[in-house]
Amino acid sequence: MELSKNFEHQASEEKWYSYWNERKYFNSTPDEREPYTIVIPPPNVTGVLHMGHCLNNTIQDVLVRRARMQGKNACWVPGTDHASIATEAKVVQMLREKGIQKASLSRDEFLGYAWEWKEKYGGIILQQLKKMGCSLDWDRTSFTMDPDYYQSVINVFVDLYNKGYLYRGKRMINWDVKAKTALSDEEVIRKETQQKLYHLRYKIDGLDEHIIIATVRPETIMGDTAICVHPKDERYAHLHGKFAFVPLINRRIPIITDDYVTMDFGTGALKVTPAHDMNDYQLGQKHNLEVVDIFNEDGTLNADAQILIGEDRFEARKKIIPMLEEAGSLVKTEDYTSEVGYSERTDVVVEPRLSLQWWVDMKKIAGPALDVVMNDDVKFYPAKFKNLYRHWMENIKDWCISRQLWWGHRIPAWYDAEGNYVVAVSHEEALKQYETKFGKSIAQLSQDEDCLDTWFSSWLWPFEVFKGYSNPGNADVQYYYPTNTLVTAPEIIFFWVARMIMAGMEYQKEIPFKEVYFTGIVRDKQGRKMSKSLGNSPDLLELIDKYGADACRFGILISSPAGNDLLWDESSNEQGRNFNNKLWNALKLVKMWEARTTDNSQQTTAESSFAVEWFGNRLNEAKAEIDQLFKEFRLSEALKTIYSLIWDDFCSWYLEWVKPGFEQPIDAEVYAKTVAYFEELMQLLHPFMPFITEEIYHALKERAAGDDLTIKQYAALETADAAVLHLATQLKEVITALRDVRVKNQIKSKDPIKLSIETADVDSYKRIALILQKQVNAESVDYVTAAVAGTISTVVQKDKFYIATEQAIDTSSQKEQLLKDLDYLKGFLNSVEKKLGNERFVQNAKPEVVEVERKKKADAEAKIKAIEESLASL
RNA sequence: GGAAGCAUAGCUCAGUUGGUUCAGAGCAUCUGCCUUACAAGCAGAGGGUCCGCGGUUCGAGCCCGUGUGCUUCCA
């Protein structure tokens, strides 16, 4: 087979992904093996792949592929969530393009369009995951609005209501005036915003005096129901208990005191608008203030405002300033910057608003979810996130689950004309309950118009993808649940992790996953979070096209330290592509030897036997390291270890050591070993870079049907021979030192040298001499017991090397180097001797530590002796 | 205003109960090489007051205190 110059990733990716899929390698059904399960954190159905997904899903694929190769029954469940707000926004936009107003449609008509949109455009992201090589069980693809799933969400709502965990309450919420929906705190983005601080004068009742307040929202003064000052503020002490008049509308409001007020901010006097500010609302509750709501749900002013009725809130702000000025109420205006909340979805300024919503009483359900994390039943990687989790759980706030949207799970609450309600899974059931509850029958109840927060469905994900709630105790859920690992971003810790644990404990009486691995956040080179609005997020599909999926997977993982944010740069993909190239060239080299194997090449056997012995041991050593790194979720380090094992140990050392001379044959056994090592390396690398490794695996040898790397099982770990590893390290050190001598003395690599070695351990050198000779291009190697005159000398560890060459010798550079080494060693020896001379050290330190120091001393002395002798012979 | 995290080479980061030659890796840089697998490469090299200060200890990059700087989360 003729190999192409470079690895051709496009063709390979298409070929292997469909090959694996056709053979159902990614599909899982329960059997007697140990399961390894990951449920994908369901991406938004409107989503497209970005770098965050790339990181997150590469990690999941690495874990799943490795588990599959370790003999576990690996199952990775794909799917999407319905993303109420985002999807509804997309559908509304699509309708607008068609010239259709959402308001002109019935709920059913709208949902018809929404499903049409979902079928056509939704879930693109799942197709994109295939491009990345993700080994998901596609037969298990789930969606949070699948019929069974939908019903489960409704049933859970009814169940929680019946348990008394839900309530309906008027509460201050974040209101999106554009989407006309409530937002959770997490959906509000705070941004530094340039504003103006207006100082306004309020007339005091019964005194010829004013009080001046400072506000950034002058359009809300019509909702003012008090002015608040600090009780210890001397400036206002005489006004306690008095009343003031709101400018323009002359409402009479009390002046109250509360130490909530910051005395040195603004004027120290705060206008209190309970209907339109979170803190004011709490203040209002505490002081029993009237609540005057002056806004409609779209952010325009209503009749209670008395003036500027029908104006938008920001228009009203512009218009009220001249009115206040004219009334003599505006004292001054100053620039002011503060954080303002914006809707994550529509980017409009969030309006605090009082609204009747459904809530989950989190204190009733959260308890067990804190314990299982704190006692490590659910292990967090990195563990530092336990703190964050505990803090949030201990200060948990109730969860507003209503959304004023149509796309989603419609709240199963049913109302009569007076607003009496029952909660039931169906209209029919609701009518029955109504009769029982209110003692009268009714023909018609109307269902709540709102739907549920998307998270209220995705918190069931870890078990409901196996129908663990809709079909309790079925074979799948028994086998796969609890799942093994959840891989997610730390910003999701409250949305998913905490609530999934709560739902798991509530409905399966078991944790949903044993481990949670938090990835970092992908940032650009300048440390900015990647986002659509900044435009600093690269198009992943283009990157895959350009560099290949393997290179992209490599690029994102190599720059991803465990649990820390990563500054991603396209150059890391280049490193991945270069690595592909390296692998491909190694393949080309090995394939070149294939036709030239021979059974009786004594030369290559003798030369290569140490190389073959060493690499087998090196492989065992590395496998143990990699195993440990995986246990600690240090995937980036594991990849680095494999990268260096392949590039440095295999390509730079091993292949060079066993490489036959130009057009020379290679021993068949050495060749077979080399292919076997190459295979093992591909197997180690496969979870990270599945395509090229499968390609090379098949290119190395003809394979029987079903002999594919994706499902090839890892061999058991074997221990490495430390003595062999040590000798190889010594060999590498000597080769490097001698090459350095060549560079420093400008001896061309083509020019042969004669090498003499002065060592106490000739036997060891005899094992590696042939390799050494080849690697430093020495025409002869011999062993001496004294300095050889007229040579260049160098010292490695305790051994001395004499290099004879045709060339004239300039001893100055080697002298310089030897003196430098000597200087360092003497300093080192000095510090060791000082330590050993310190009685307290010898008494207090552990005996083995003292012993190590003694050995250091002896080693240093031996080296110093060798260098001094070398210097003397110059 | 409350809380947490981070600070090690030009850049991004490792450094696992304080003790092997501990001051490391990758990338970048410099020097020399088109050596029949690979210039997307090979060989070699240079580069750091481990943020400042103080403490604990025989011994601190690591532990404690403090200052400074940066980041994030929550008000």
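In the text below, chain A, chain B and the rest are named by the order of the sequence lines, each starting its count at 1. Computed from heavy atoms alone, side chains included, the values below leave out hydrogens, waters and symmetry copies.
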Think [X] has a side-chain N or O under 4.0 angstrom from the OP1 or OP2 of [N]?
{"X": "Lys659(A)", "N": "A37(B)", "answer": "yes"}
{"X": "Tyr643(A)", "N": "C27(B)", "answer": "yes"}
{"X": "Lys748(A)", "N": "A43(B)", "answer": "no"}
{"X": "Lys397(A)", "N": "A75(B)", "answer": "yes"}
{"X": "Ser636(A)", "N": "C13(B)", "answer": "no"}
{"X": "Asn6(A)", "N": "A40(B)", "answer": "no"}
{"X": "Trp653(A)", "N": "C42(B)", "answer": "no"}

Could you work out which one of [options] sits closest to the side chain of [X]?
{"X": "Asn578(A)", "options": "A14(B), C38(B), G41(B)", "answer": "G41(B)"}
{"X": "Asn585(A)", "options": "U16(B), A45(B), A37(B)", "answer": "A37(B)"}
{"X": "Ser652(A)", "options": "A45(B), A37(B), A43(B)", "answer": "A43(B)"}
{"X": "Phe841(A)", "options": "G19(B), G44(B), A40(B)", "answer": "G19(B)"}
{"X": "Arg634(A)", "options": "C42(B), A40(B), A14(B)", "answer": "A14(B)"}
{"X": "Arg739(A)", "options": "A14(B), C38(B), G44(B)", "answer": "G44(B)"}
{"X": "Glu632(A)", "options": "G41(B), U16(B), A37(B)", "answer": "U16(B)"}

Rounded to whole angstrom units, what separation is found between the [atom1] atom of [X] and the [atom2] atom of [N]?
{"X": "Leu589(A)", "N": "C42(B)", "atom1": "CG", "atom2": "P", "answer": "13 Å"}
{"X": "Ile642(A)", "N": "A25(B)", "atom1": "CD1", "atom2": "C1'", "answer": "16 Å"}
{"X": "Leu283(A)", "N": "A75(B)", "atom1": "CG", "atom2": "P", "answer": "18 Å"}
{"X": "Phe650(A)", "N": "A37(B)", "atom1": "CZ", "atom2": "C1'", "answer": "12 Å"}
{"X": "Asn745(A)", "N": "G44(B)", "atom1": "CG", "atom2": "C1'", "answer": "13 Å"}
{"X": "Asp648(A)", "N": "C38(B)", "atom1": "CG", "atom2": "P", "answer": "19 Å"}
{"X": "Asn580(A)", "N": "C38(B)", "atom1": "CG", "atom2": "C1'", "answer": "13 Å"}

Hunt down the Watson-Crick or G-U wobble partner of [N], both distances under 3.5 Å, from any strand shown, or write none.
{"N": "C74(B)", "value": "G1(B)"}
{"N": "C62(B)", "value": "none"}
{"N": "C6(B)", "value": "G69(B)"}
{"N": "A37(B)", "value": "none"}
{"N": "C13(B)", "value": "G24(B)"}
{"N": "U49(B)", "value": "none"}
{"N": "A43(B)", "value": "U31(B)"}
{"N": "U57(B)", "value": "none"}

Checklist line | First encountered from the 5' end of RNA chain B, between Leu587(A) and Leu388(A) | finding: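 It is Leu587(A) whose nearest nucleotide is closer to the 5' end.
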Item checked: Nearest-nucleotide 5' precedence on RNA chain B, Gln575(A) against Lys750(A) ->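 Its nearest nucleotide being more 5', the pick is Gln575(A).
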Using the [atom1] atom on both, measure [N] against [M] and round to a whole Å.
{"N": "A3(B)", "M": "G10(B)", "atom1": "P", "answer": "35 Å"}
{"N": "C64(B)", "M": "A25(B)", "atom1": "C1'", "answer": "30 Å"}
{"N": "C50(B)", "M": "G24(B)", "atom1": "C1'", "answer": "11 Å"}
{"N": "G19(B)", "M": "G61(B)", "atom1": "C1'", "answer": "14 Å"}
{"N": "A28(B)", "M": "G41(B)", "atom1": "P", "answer": "9 Å"}
{"N": "C51(B)", "M": "C13(B)", "atom1": "P", "answer": "15 Å"}
{"N": "U20(B)", "M": "U16(B)", "atom1": "C1'", "answer": "16 Å"}
{"N": "G46(B)", "M": "A9(B)", "atom1": "C1'", "answer": "11 Å"}

Check: What does Asn581(A) touch in the nucleic acid at a heavy-atom separation under 4.0 angstrom: a base, only the sugar-phosphate, or nothing?
Finding: base
Checklist line | Aromatic centroids of Phe650(A) and Phe678(A) separated by under 6.0 Å | finding: yes
Check: Is there side-chain contact between Thr215(A) and Leu197(A), with at least one heavy-atom pair below 4.5 Å?
Finding: no
Checklist line | Side-chain touch Ile493(A)/Tyr389(A), heavy atoms, less than 4.5 angstrom | finding: yes
Margin query: Under 3.5 Å, is there any donor-acceptor pair linking the side chain of Glu656(A) to the base of A37(B)?
Written below: yes
Under a 3.5 Å cutoff, is there a donor and acceptor pairing between the side chains of [X] and [Y]?
{"X": "Glu695(A)", "Y": "Ser12(A)", "answer": "yes"}
{"X": "Gln797(A)", "Y": "Glu733(A)", "answer": "yes"}
{"X": "Tyr381(A)", "Y": "Glu632(A)", "answer": "no"}

Note to self: Exactly one of Tyr643(A), Tyr547(A), Phe688(A) should register a ring pair (Phe, Tyr, Trp, His ring centres under 6.0 Å) with Phe554(A). Which one does?
What the structure shows: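 The passing option is Tyr643(A).
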Next item on the list: Could you check whether the rings of Tyr654(A) and Phe615(A) sit parallel, tilted or perpendicular, using 30° and 60° as the cut-offs?
Entry: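 Tyr654(A) and Phe615(A): tilted rings.
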